[in-house]
Amino acid sequence: MLNSLKGKRIILGITGGIAAYKAAALTSKLTQKGAEVHVIMTASAKQFITELTLQSLSKQRVYSDTFQERDPEAIAHIDLADTADLVLIAPATANIIGKMAHGIADDMLTSTLLAVTAPVMVAPAMNVHMYQHPAVISNMKILAERGIQFIEPGEGLLACGYVGKGRLEEPETIVRVVENYLAQRDSTASGPLKGKKVMVTAGGTIERIDPVRYISNDSSGKMGFAVARAARALGAEVTLVVARTDEAPPQDPAIEIVRASSAQDMYEAVSGRWSDCDILVKAAAVADYRPKESAGSKIKKSGDTLTLELVKTTDILETLGRSKNKQFLIGFAAETGNAEVYAKDKLVRKNLDLIVANDVAVEGAGFGTDTNIVSIYDAGGLVLDLPLVSKDEVARRLMLLAAERTSGAAL
Ligand code: CTP
């Protein structure tokens, strides 16, 4: 891996916890790897570690006072914020997490944080009960929803004497997380799907019978999520249209999430964005039929049998396949036997560019698992056969294929 830290401007925010001493090692390791580390300390951090230590290790001026403007040409906290590639808060106390969540800017670090547009990573360190306090949990949730990434504390003996979760992650690990993140961001910035708009659908649709009952399927959403992440990692602008799933969609501020519950909702969400889309990946399991009537109130039990009349939903892929112009269309065929035959038929019927076929009856393939076994076909036949691999790897190979076919460039 290329050194992704080289030449990067990192603001390291150090707040007042006992783990502040580890920030010295962190500063040293980041600096040794070629990063330009600009340390901002809170007043409490200075109770634990000196400015001089961090200045000597980073070879940069250390900031702590908003009003100590040493350069008349620039306002320090704005200048630092504007030029940062990444902000890392380590250790982050419950106090800074609370201030960040609520937009408080009463010192150099918090003022800079409000002005910054670069990604922010937070490595909390505190007593185990503080870490589990509902206020801290809710503040971290607010920040996570805003796209702030957490480097979770480790478990072990805490300075307060308790054993539990709250110990600042080791500097080596923090450096590795930052390095991986920057490497991925660099590849996103120059990836083969750069400039492409990719829309991905994921999960299983819900077709309402009444307010408390519905028809759905076993789709977990994992494959679609993996495709969205892979497309993003290769530089695409990604919209993820999500039906019912087993887990939350990727929390990446660069992936737009659109909720669509039923086949009709999904049709509207996808067709509304269709003209703008370059690549559509329909990993969702869309219901083929929905109840003809969806009762407004709960259906009461009566009689020994109940007949539900179902009507066909719109086949989203088939409809869009007919109006395709520049778009590259990828469908999925989850089958239980005869996958190749059915997949090839769907490819033609829906006017697709690629179809990903899998036999969900085979162990390790299909719904709910983290792995898949797929064969990818185009109009000419088999393009790629992937043995049992992770859904992330299937997604990566699929998106590389799409990149190659939409740009004409060799892999
Ligand atoms: N699909 C769709 N709209 C639907 C049904 C399916 O867009 N109403 C898409 C799925 O997202 C998937 C592909 O079509 O990418 C194949 O789905 P599948 O249910 O296997 O295809 P069907 O044509 O419904 O065939 P089958 O008879 O096997 O259900």
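Along the sequence shown, residues are numbered consecutively beginning with 1. Counting starts at 1 for both ligands and their atoms, in listed order.
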**Message:** Looking only at distances, can you tell me whether any N or O atom of Leu317, backbone or side chain, sits closer than 3.5 Å to an N or O atom of ligand 1?
**Reply:** yes
**Item:** Contact check, Arg349 vs ligand 1, heavy-atom distance below 4.0 Å
**Value:** yes
**Item:** Among Arg349, Lys346, Lys312, Lys324, salt bridge (Lys or Arg N to Asp or Glu O under 4.0 Å) partner for Glu318
**Value:** Arg349
**Request:** For ligand 1, note which part of Asp288 has a heavy atom under 4.0 Å away: side chain, backbone, both or neither.
**Result:** side chain
**Complete:** One finds that the ligand 1 atoms under 4.0 Å from a non-hydrogen atom of Thr313 are 8 (N)
**Complete:** Smallest heavy-atom separation, Val122 atom then Ala92 atom, equals CG1-CB, 3.5 Å
**Item:** Under 3.5 Å: N/O of Ala284 near N/O of ligand 1
**Value:** yes
**Message:** Here's a test for you: under side chain to side chain contact (heavy atoms under 4.5 Å, CB included), which of Val200, Asp252, Val281 qualifies with Leu240?
**Reply:** Val200
**Request:** State, to 0.1 Å, how close Met140 and Phe150 come at their nearest heavy-atom pair, and which atoms those are.
**Result:** O-CE1, 3.5 Å
**Within-shell test, Ala285 vs ligand 1, heavy atom, strictly < 4.0 Å** = no
**Prompt:** Which atoms of ligand 1 sit under 4.0 Å from any heavy atom of Ala287?
**Reply:** 8 (N)
**Complete:** Residue set satisfying side chain to side chain contact (heavy atoms under 4.5 Å, CB included) with Arg273, at least two apart, ordered chain then number -> Met199, Thr239, Glu256, Val258, Ala269
**Message:** Working note: Arg9 + Thr83, criterion side chain to side chain donor-acceptor pair (under 3.5 Å); need CA distance, chi angles, decisive distance, verdict.
**Reply:** CA-CA 7 Å; Arg9 279 174 70 99; Thr83 54; 2.9 Å; yes
**Message:** Tell me the closest heavy-atom pair linking Leu310 and Tyr289, and the distance in Å.
**Reply:** CB-CB, 3.8 Å
**atom 15 (O) of ligand 1 - nearest protein heavy atom and its distance** = Lys282 O, 2.7 Å
**Message:** Taking 4.0 angstrom as the limit and counting only heavy atoms of Gly331, give me the atoms of ligand 1 inside it, by number and element.
**Reply:** 15 (O)
**Item:** Shortest protein contact, atom 3 (N) of ligand 1 (heavy atom only)
**Value:** Ile316 N, 3.0 Å
**Message:** Test your reading of the structure: does Thr201 have an N or O sitting under 3.5 Å from an N or O of ligand 1?
**Reply:** no
**Prompt:** Salt bridge or not for Glu172 and Arg176, using N-O below 4.0 Å?
**Reply:** no
**Complete:** Min over Leu320, Val286, Leu347 of heavy-atom distance to atom 4 (C) of ligand 1 lands on Val286
**Asked** Looking at Asp265 and Arg259, does any basic side-chain N land under 4.0 Å from a carboxylate oxygen?
**Response** no
**Asked** So between Glu318, Lys350, Lys346, Lys312, whose heavy atom ends up nearest atom 23 (O) of ligand 1?
**Response** Lys350
**Nitrogen or oxygen of Ala283 less than 3.5 angstrom from that of ligand 1** = no
**Prompt:** Below 4.5 Å, heavy atoms only, C-beta onward: do Thr110 and Ile104 meet side chain to side chain?
**Reply:** no
**Asked** Is Phe332 in polar range of ligand 1, meaning some N or O pair under 3.5 Å apart?
**Response** yes
**Fill in**
for atom 8 (N) of ligand 1, nearest protein heavy atom and its distance come out as Thr314 O, 3.0 Å
